[in-house]
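To keep things clear, I will list the structure first and then write my remarks on it.
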Amino acid sequence: MIELSHLNYATIILDISAVILVYGILRQTRIMRKSRLESDSLFFGMLILTVVMALSDIVGYITEDKPGWILINIQIISMTIFYIAFIFLAMRWFDYCTFRFRDKGRVKKIGMQPALIPGVLTFGLIFLNQSTGIIFSVDEVGGYHREALFIPMYIVIVAYLATGFYYIARYRTSDKKVLIPMWLYVMPIVVSSFITFVVGEVSMAALGTAITIAFTHLGTMNEVAEISMKESVQ
């Protein structure tokens with residue numbers, strides 16, 4: 001029987017909370033999903049990736065510090081899926097913010113953009129990690145270890161996320177007002193990242209990411225609804 005610490009239980013609860021949050025958002029935005037707008041498509045894609053992060057994170061924490069060939073390989077596979085989903089989400093976030101805030105929904109570029117090359121290369125490194133352990137490794141007793149290229153991988157992720165926030169900060173509504181205070185967008189993912197990667201005992205990556213994504217998109221949709229209301233009154 002697999003025994004879990006109280007910190008493992010805390011992580012599992014937080015990841016399950018992220019899944020429940022995403023499920024709630026998807027239930028409440030059924031009409032939006034039918035619109036087939038590019039921004040909505042990118043938004044819902046990020047939510048699905050958040051669920052993948054949460055589920056793979058749960059499996060990773062359940063199998064951490066558990067010896068045995070099967071459990072060790074399950075942990076490696078689950079954490080590989082987690083990082084692939086996280087990088088893909090960061091790239092999609094960059095794409096979403098570029099389209100929604102920098103280009104203001106005018107033109108969606110199709111195909112490989114030069115800015116996405118670091119993300120694609122990072123995907124390759126994660127696949128190589130399966131046999132080389134250059135990003136993370138799991139020892140013979142199930143202990144998880146960050147390796148040489150772990151920080152460079154997160155530099156790529158942070159670069160995509162930060163660029164998205166930069167576009168949000170520069171964005172102004174139709175009446176030249178700031179969308180909403182930036183701290184409200186940034187706070188969930190900053191706090192969750194600090195706890196996950198600095199404190200290191202509990203993972204809040206999926207939950208913080210889900211909240212930030214929801215704040216960002218629903219906040220901008222509120223702006224669209226407000227503009228439509230003003231136009232109908234006029």
Side-chain angles (χ1 to χ4, degrees), residues 8 11-26 33 40-64 73-98 112-113 115-130 133-138 144 146-147 149-165 188-197 200 202-217:
N8 292 145
T11 294
I12 292 171
I13 291 171
L14 291 170
D15 284 329
I16 291 175
S17 299
V19 175
I20 294 172
L21 174 62
V22 171
Y23 174 74
I25 294 172
L26 292 175
R33 290 206 303 277
D40 288 343
S41 175
L42 291 168
F43 167 62
F44 292 117
M46 288 189 289
L47 290 179
I48 298 303
L49 287 168
T50 302
V51 172
V52 174
M53 286 175 57
L55 295 178
S56 58
D57 198 34
I58 289 173
V59 177
Y61 269 80
I62 288 176
T63 54
E64 187 177 13
N73 279 277
I74 290 175
Q75 184 183 171
I76 292 173
I77 292 171
S78 63
M79 295 311 299
T80 298
I81 293 172
F82 175 86
Y83 291 126
I84 288 175
F86 203 1
I87 293 171
F88 194 19
L89 185 146
M91 294 169 68
R92 201 172 180 96
W93 166 264
F94 168 80
D95 206 15
Y96 168 82
C97 291
T98 300
M112 173 60 68
Q113 302 176 42
L116 298 179
I117 293 176
V120 174
L121 294 176
T122 306
F123 279 133
L125 291 176
I126 291 177
F127 283 112
L128 285 176
N129 183 77
Q130 297 277 348
I134 54 178
I135 296 177
F136 71 90
S137 62
V138 179
Y144 172 85
R146 298 169 181 174
E147 303 297 347
L149 294 185
F150 183 86
I151 292 179
M153 176 186 68
Y154 267 95
I155 289 175
V156 173
I157 293 174
V158 170
Y160 284 129
L161 297 177
T163 303
F165 285 124
I189 199 168
V190 169
V191 172
S192 63
S193 297
F194 178 82
I195 293 175
T196 301
F197 303 113
V202 178
S203 176
M204 291 184 62
L207 181 59
T209 302
I211 295 173
T212 290
I213 292 169
F215 277 6
T216 304
H217 191 70

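Computation of the quantities below employed the complete heavy-atom set of this structure, encompassing side-chain atoms and omitting hydrogens, waters and symmetry-equivalent molecules.
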**Fill in**
All heavy atoms of Pro118 vs all of Tyr160, minimum pair found to be CD-OH, 3.7 Å
**Fill in**
Value for CG (Leu89) from CG (Leu47), rounded to nearest 0.5 Å, stands at 8.5 Å
**Asked** What do you reckon, are the aromatic ring centroids of Phe43 and Trp93 less than 6.0 Å apart?
**Response** no
**Prompt:** Quick check: does any side chain N or O of Arg146 sit under 3.5 Å from a backbone N or O of Ile135, one acting as donor and the other as acceptor?
**Reply:** no
**Item:** Residue pair Leu116, Phe94: steps toward the side-chain contact (heavy atoms from CB on, under 4.5 Å) verdict
**Value:** CA-CA 9 Å; Leu116 298 179; Phe94 168 80; 3.8 Å; yes
**Item:** Under 3.5 Å: donor-acceptor pair, side chain of Asn129, backbone of Phe136
**Value:** yes
**Request:** Apply the test side-chain contact (heavy atoms from CB on, under 4.5 Å) to residues Met91 and Val120: give CA-CA distance (whole Å), side-chain angles for both, the deciding distance (0.1 Å), then the verdict.
**Result:** CA-CA 9 Å; Met91 294 169 68; Val120 174; 4.2 Å; yes
**Message:** Looking at every heavy atom in both Gly60 and Gln75, which two are closest together, and how far apart are they?
**Reply:** O-CG, 3.9 Å
**Asked** Any side-chain heavy-atom pair from Leu125 and Ile134 closer than 4.5 angstrom?
**Response** yes
**Asked** How about Tyr154 and Phe150: are their ring centres within less than 6.0 Å of each other?
**Response** yes
**Item:** Nearest heavy-atom neighbours spanning Met53 and Ala85
**Value:** CG-CB, 3.7 Å
**Message:** Rounded at 0.5 Å granularity, tell me how far CD1 in Ile13 sits from CD1 in Ile20.
**Reply:** 10.5 Å
**Complete:** CG (Asp57) and CD1 (Ile62) are apart, to the nearest 0.5 Å, by 10.0 Å
**Message:** Just checking Leu128: does its CG atom have more than 12 heavy atoms from other residues, nucleotides or ligands closer to it than 6.0 angstrom?
**Reply:** yes
**Item:** Which atom of Ile84 lies closest to which atom of Phe123, heavy atoms considered
**Value:** O-CE2, 3.5 Å
**Complete:** Here the gap from Ile76 atom CD1 to Ile81 atom CD1, rounded to the nearest 0.5 Å, amounts to 12.0 Å
**Message:** Quick check for you: to the nearest 0.5 Å, what is the distance between Glu64 atom CD and Ser78 atom OG?
**Reply:** 9.5 Å
**Request:** Look up atom CD1 in Ile77 and atom OG1 in Thr63, then write down how far apart they are to the nearest 0.5 Å.
**Result:** 10.0 Å
**Prompt:** Looking only at heavy atoms, which two atoms of Glu147 and Ser137 are closest? And how far apart?
**Reply:** OE2-OG, 2.5 Å
**Prompt:** Do you know which two heavy atoms are closest between Thr122 and Met153, and how far apart they sit?
**Reply:** CG2-CG, 3.7 Å
